[in-house]
Undergrad: 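I'd like to ask some things about the structure below.
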Amino acid sequence: MSFDQLQAELDQRERDALYRRRRVLDSAQGPEVQVDGKRYLAFCSNDYLGLANHPEVVRALQQGADRYGVGGGASHLVNGHGRAHHALEEALAEFTGRERVLLFSTGYMANLGAINGLLGKADAIFQDRLNHASLLDAGLLSGARFQRYLHNDVASLEQRLAKTTGRRKLVVTDGVFSMDGDLAPLPALASAARAENGWLMVDDAHGFGCIGRGGRGIADHFDLGQDEVPVLVGTLGKAFGTSGAFVAGSSALIETLIQFARTYIYTTSMPPAVACASLASLRLLEAEDWRREHLNALIARFRTGCEQLGLNLMASPTPIQPILIGEADAAMAISAGLEARGIFVGAIRPPTVPVGSARLRVTLSASHTEAQVDELLEALGQVIGAQVIGAQVTSTQAHGALPG
Ligand SMILES: *Cc1c(COP(=O)(O)O)cnc(C)c1O
């Protein structure tokens, strides 16, 4: 087969306004960034608490490197499991109120490892249609019977749970949905899973740091313990501002993953200095409630401003505040219009979101000021104004597309 065919597919993607391009960031993460040589006010990072460039986190990384060097050197099961990794696991177990925690190098790998460590062909997996790509990929890879239920629709889940057989049944959901910002109805999902003798796994990549007491995430927000949410996943690259991920749960779960999670076993441990930095950011995240309070004030301010502009927001109480546009080309045009005014907001298109639900994914951070949010609102008013009113897409639930 000729590579010309690849080029033809790339050209078609470009015509469909789905082509993706990278920007080169010349600065640290923060409210203002330098991109391809120009300064922008940015509303697209997942650094929700402003910790990615915090001096104490930077210093912890430097001190960690002084002490432990740079590379992890080996996998955790050979001799790459260091004191810093171990200390971070213990601190995260206490933070999440779980017996134990296991670190992974990324969230993608944590999800792949946890699901494939627990399930095989004899089992069944049930996923929200809007789950993160890493969860969907993990489910497909496991070979388990694969069912997707309607977004946040417990009845739709119950129906599928009742009619599907399997040695093990695993219900999987994002805690905070990464592209919509809404919360999963965890208490009802937990009851549904238990009623069928199933387990609930929650990927709270966007909830840790932002919701729950002291930023303890969605399980804490709903006051659900290890029995109700036996498999809890968090990532360190978002509100923690560092890199890596973890699975929290019972000792039996963690030992099972140490034995069977291939993305844990067959990969080099994260640099120990990154574990040191993550421990420093955990301390800040727990101690500094003002970050969440300020963030919540910004969220309220942004939502009020958008309502006044007649923009189509989603039901999100979190720092993820998407503005639904509809078609990919329209979302791209609006993103370009904002960029021309010095504001950086990502347009999210299929297949990351369902066809017809392209959106601007605005994310807010505790490092933003009220004046910066007002600046964004003013630019949105200028660029979108009347365009969006009427382009209502009321539901993203109907057309979820699997990646790949
Ligand atoms: C970002 C994200 C991941 C992946 O985490 P990384 O550490 O970036 O690989 C997994 N799940 C969800 C819901 C996410 O938003």
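All ligand and atom numbering here is 1-based and tracks the order in the structure. Fair warning: this is a prediction, and the values are worked out from it, not measured in the lab.
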Undergrad: Could you list the atoms of ligand 1 found under 4.0 angstrom from a heavy atom of Gly107?
TA: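 Per the distance check, 4 (C), 5 (O), 6 (P), 7 (O), 9 (O).
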Undergrad: Between Ser365 and Ser367 (side chain of the first, backbone of the second, donor and acceptor by atom type, cut-off under 3.5 Å), is there such a pair?
TA: yes
Undergrad: Measure from atom 11 (N) of ligand 1 to every heavy atom in Asp203, Asn111, Leu135, Asn46 and give the option owning the shortest one.
TA: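 Among Asp203, Asn111, Leu135, Asn46, the closest heavy atom to atom 11 (N) of ligand 1 belongs to Asp203.
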Undergrad: If you round to the nearest 0.5 Å, how far is CG of Asp153 from CG of Asp128?
TA: 9.0 Å
Undergrad: Does an N or O anywhere in Ala205 fall below 3.5 Å from an N or O of ligand 1?
TA: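 No; every N/O pair is 3.5 Å or more apart.
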Undergrad: Give me the nearest non-hydrogen protein atom to atom 4 (C) of ligand 1 as residue plus atom name, then the distance to 0.1 Å.
TA: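 The answer is Tyr108 N, 3.6 Å.
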Undergrad: Just which atoms of ligand 1 are under 4.0 Å from any heavy atom in Thr235?
TA: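 Result: 5 (O).
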Undergrad: Any side-chain heavy atom of Val362 within less than 4.5 Å of one from Ile320?
TA: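 When only atoms from C-beta onward are counted, Ile320 and Val362 do not touch, as no gap falls below 4.5 Å.
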Undergrad: Answer with yes or no after comparing the ring centroid distance for Phe240 and Tyr48 against a 6.0 Å cut-off, counting only values under it.
TA: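 No; Tyr48 has its ring centre 6.0 Å or more from that of Phe240.
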Undergrad: Hey, does the side chain of Arg100 reach the backbone of Val247 with a donor-acceptor pair shorter than 3.5 angstrom?
TA: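 No.
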Undergrad: Take every heavy atom of Met109, measure it against each atom of ligand 1, and state whether any distance is under 4.0 Å.
TA: no
Undergrad: Identify, for atom 14 (C) of ligand 1, the protein heavy atom at the shortest distance, and state residue, atom and that distance.
TA: Lys238 NZ, 2.8 Å
Undergrad: His151 pairs by side-chain hydrogen bond (donor to acceptor under 3.5 Å, both in side chains) with which of Asn131, Asp182, Asp174, Thr173?
TA: Asp182
Undergrad: Given the side-chain rings of His206 and Phe177, with only the six-membered ring counted for Trp, is the space between their centroids under 6.0 Å?
TA: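 Not under 6.0 Å, so no.
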Undergrad: With the threshold set at under 4.0 angstrom, would you say Ala245 reaches ligand 1 through any of its heavy atoms?
TA: no
Undergrad: Would you mind running through ligand 1 and noting each atom that sits below 4.0 Å from a heavy atom of His206?
TA: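 In order of numbering, the contacting atoms are 14 (C), 15 (O).
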Undergrad: For ligand 1, which atoms sit closer than 4.0 Å to a heavy atom of Asp174?
TA: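 So the answer, numbered in order with elements, is 13 (C).
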Undergrad: Considering only heavy atoms of Ser178, which atoms of ligand 1 have at least one such atom less than 4.0 Å away?
TA: 15 (O)
Undergrad: Against heavy atoms of Thr106, which atoms of ligand 1 measure under 4.0 Å?
TA: 7 (O), 9 (O)
Undergrad: Does the gap between the ring centers of Tyr264 and Phe104 come in under 6.0 Å?
TA: yes
Undergrad: Within the 4.0 Å heavy-atom shell around Ser134, which atoms of ligand 1 are there?
TA: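 Here the atoms of ligand 1 in question are 10 (C), 11 (N).
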Undergrad: So, the side chain of Asp329 versus the backbone of Ala17: is there a donor-acceptor pair under 3.5 Å, distance only?
TA: no
